[in-house]
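This one's a predicted model, so the numbers in the text were calculated from it and none came from an experiment.
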Amino acid sequence: MLPSARTLILGLLLASGEEAVSVRDFVAAAALFDIRENNVRVALVRLSGEGLIEAEGRGSYRLTARAHDFADEVATWRDAESQVRPWHGSYLVVHSGNLGRSNRGAVRRRRRALQMLGFGELERDLHVRPDNLNGGPELVRRRLYTLGLESAANVFVATDFDAKRTATIRTLWDSRALNLGYRKQRAQLETWMARADTLEDDVAARESFLLGRKAIRDVVFDPLLPAPFVDIDARRAFFETVIRFDQCGQAIWRRSHRLQLPADATPPGTHLTH
């Protein structure tokens, strides 16, 4: 799926870190995906109005502090495997029954936060996940708030669910699809990297953007479940391949001169999640 002007702009800014990006660079990168200059300029105005980007000098933009809070959380994807610890059978629980539903934006941010940290909905307004994330409920609580969950939500650890609910919890994630995805995407990325040097720069830049964007999004939204929910060795191998693909994409985008990326940047747009 081709990116929109909005997606591309946010991705370029996420990739640039603290550096501002010029409108000229936005337009040049957009040309790879047949996005018109007018669409880029309209998206810039709208993103500025939403408070996600701000002007830096004449003809350049950067992310606002508000957008950086979210971006910093997303940027931890490279260390995803280090975020987990052994699981001993307890669950992290989020109860949101006291939160309103009339504000669609708040509901959307709430759902995204829960999804990004791998929570499944056991019952209405009751979300759970295995308690295998480093830092326990205190750190998870802070991360959820950063990602958009309202601070009035109750986050805690629970054990001793009855047999019926325990069985239901095991079905909240599609373990078979996750394991299949790890292996399938890893093979796809490895195959592409093996032939990347045979592609023209613009073709390689475009394809690395699209493949990398999907792969890194899948890492960002991976529930990081313990065994026996998923095959953790297959997940680790997939994550390692995505990191190597990311490095390959960086080199391609720098070589194509579409954007002067910092040495440790992610290829434009690949880790955008909204």
Item checked: Residues forming a salt bridge (Lys or Arg N to Asp or Glu O under 4.0 Å) with Arg85, sequence neighbours excluded -> Asp131
Note to self: Return the CG to CD1 distance between Asp222 and Ile216, rounded to the nearest 0.5 Å.
What the structure shows: 13.5 Å
Checklist line | Partners meeting side chain to side chain donor-acceptor pair (under 3.5 Å) with Asp218 (sequence neighbours left out) | finding: Gln185, Lys214
Notebook entry, point to check: Asn179 side chain to Asp231 main-chain N or O, any donor-acceptor pair under 3.5 Å?
Noted result: yes
Notebook entry, point to check: What pairs of residues pass the ring pair (Phe, Tyr, Trp, His ring centres under 6.0 Å) test when at least one of them lies in residues 121-170, not counting sequence neighbours?
Noted result: Tyr91-Phe161
Next item on the list: Could I get the full list of side-chain contact (heavy atoms from CB on, under 4.5 Å) partners for Asp160, not counting sequence neighbours?
Entry: none
Check: Can you pull the ring pair (Phe, Tyr, Trp, His ring centres under 6.0 Å) pairs that have at least one residue in residues 21-62, sequence neighbours excluded?
Finding: Phe33-Phe209
Note to self: Is the shortest side-chain heavy-atom distance between Arg217 and Arg213 below 4.5 Å?
What the structure shows: no
Item checked: Side-chain donor or acceptor of Trp87 paired with backbone N/O of Ser90 under 3.5 Å -> yes
Next item on the list: Applying salt bridge (Lys or Arg N to Asp or Glu O under 4.0 Å), name anything that partners Glu123, two or more places apart in sequence or on another chain.
Entry: Arg165
Next item on the list: Find the distance between CD1 (Ile252) and CG (Asp197) and round it off to the nearest 0.5 Å.
Entry: 8.0 Å
Check: For Pro86, what residues pass the side-chain contact (heavy atoms from CB on, under 4.5 Å) criterion, not counting sequence neighbours?
Finding: His88
Item checked: Validation row: Arg62, Glu19 side chains within 4.5 angstrom (heavy atoms) -> no
Next item on the list: List the steps, then state whether side chain to side chain contact (heavy atoms under 4.5 Å, CB included) holds for Val128 with Leu92.
Entry: CA-CA 6 Å; Val128 304; Leu92 286 164; over 6 Å; no
Margin query: If the condition is side-chain contact (heavy atoms from CB on, under 4.5 Å), which residues does Asn39 pass it with, not counting sequence neighbours?
Written below: Ala5, Ile35, Arg36
Notebook entry, point to check: Distance from Leu172 atom CG to Phe119 atom CZ, nearest 0.5 Å?
Noted result: 12.0 Å
Notebook entry, point to check: Are Val107 and Ser102 side-chain neighbours, meaning at least one heavy-atom pair lies under 4.5 Å?
Noted result: no
Margin query: My understanding is that only residues two or more places apart in sequence, or in another chain, count here; which of them pass salt bridge (Lys or Arg N to Asp or Glu O under 4.0 Å) with Arg186?
Written below: none
Note to self: Could you work out, with side-chain contact (heavy atoms from CB on, under 4.5 Å) as the rule, every residue matching Gln115, not counting sequence neighbours?
What the structure shows: Phe221
Check: So, for Leu117 and Arg143, which heavy atoms are closest and what is the spacing to 0.1 Å?
Finding: CD2-NH2, 3.3 Å
Margin query: Using the salt bridge (Lys or Arg N to Asp or Glu O under 4.0 Å) criterion, which residues pair with Arg101? Sequence neighbours excluded.
Written below: Asp125
Next item on the list: Can you measure from CG (Asp25) to CD1 (Ile9) and round to the nearest 0.5 angstrom?
Entry: 12.0 Å
Margin query: Ignoring hydrogens, what is the shortest heavy-atom contact between Tyr182 and Ala234? Give both atom names and the distance.
Written below: CB-O, 3.7 Å
Next item on the list: Indicate yes or no: at least one non-hydrogen side-chain atom of Pro223 is less than 4.5 angstrom from one of Leu178.
Entry: yes
Notebook entry, point to check: Considering the options Val230, Asn132, Ile232, which one meets the side chain to side chain contact (heavy atoms under 4.5 Å, CB included) requirement together with Leu225?
Noted result: Val230
Next item on the list: Can you see which heavy atom on Leu224 is nearest to which on Ala80, and at what distance?
Entry: CD1-O, 3.9 Å
Below 3.5 Å, can you tabulate the donor-acceptor pairs from side chains in residues 42-53 to any protein atom, sequence neighbours excluded?
residue, atom, partner, partner atom, Å
Glu50, OE1, Arg6, NH1, 3.1
Glu50, OE1, Arg6, NH2, 3.0
Glu50, OE2, Arg6, NH1, 3.0

Item checked: Electrostatic pair Arg109-Glu150, nearest N-O below 4.0 angstrom -> no
Notebook entry, point to check: Looking at CG of Asp79 and CG of Asn134, how far apart are the two atoms once the value is rounded to the nearest 0.5 Å?
Noted result: 11.0 Å
Checklist line | Glu200, CD: over 12 other non-hydrogen atoms inside 6.0 angstrom | finding: no
Notebook entry, point to check: Taking the side chain as C-beta and beyond, is there a heavy-atom pair between Val93 and Val155 under 4.5 Å?
Noted result: no
Margin query: Tell me whether Arg24 at atom CZ has more than 12 heavy atoms from other residues, nucleotides or ligands lying less than 6.0 Å away.
Written below: no
Margin query: A cation-pi test, strictly: NZ or CZ of Arg170 under 6.0 Å from the centre of the six-membered ring of Phe229 and no more than 45 degrees from its axis. Yes or no?
Written below: yes
Check: Is the closest basic N to carboxylate O distance between Glu240 and Arg244 below 4.0 Å?
Finding: no
Next item on the list: Might you confirm whether atom CZ of Arg124 has over 12 heavy atoms from other residues, nucleotides or ligands at distances under 6.0 Å?
Entry: no
Margin query: Let me confirm one number: the CZ-CG distance from Arg129 to Leu114, rounded to the nearest 0.5 Å.
Written below: 11.0 Å
Next item on the list: From the options Arg236, Glu190, Gln188, select the one residue that forms a side chain to side chain donor-acceptor pair (under 3.5 Å) with Thr241.
Entry: Glu190
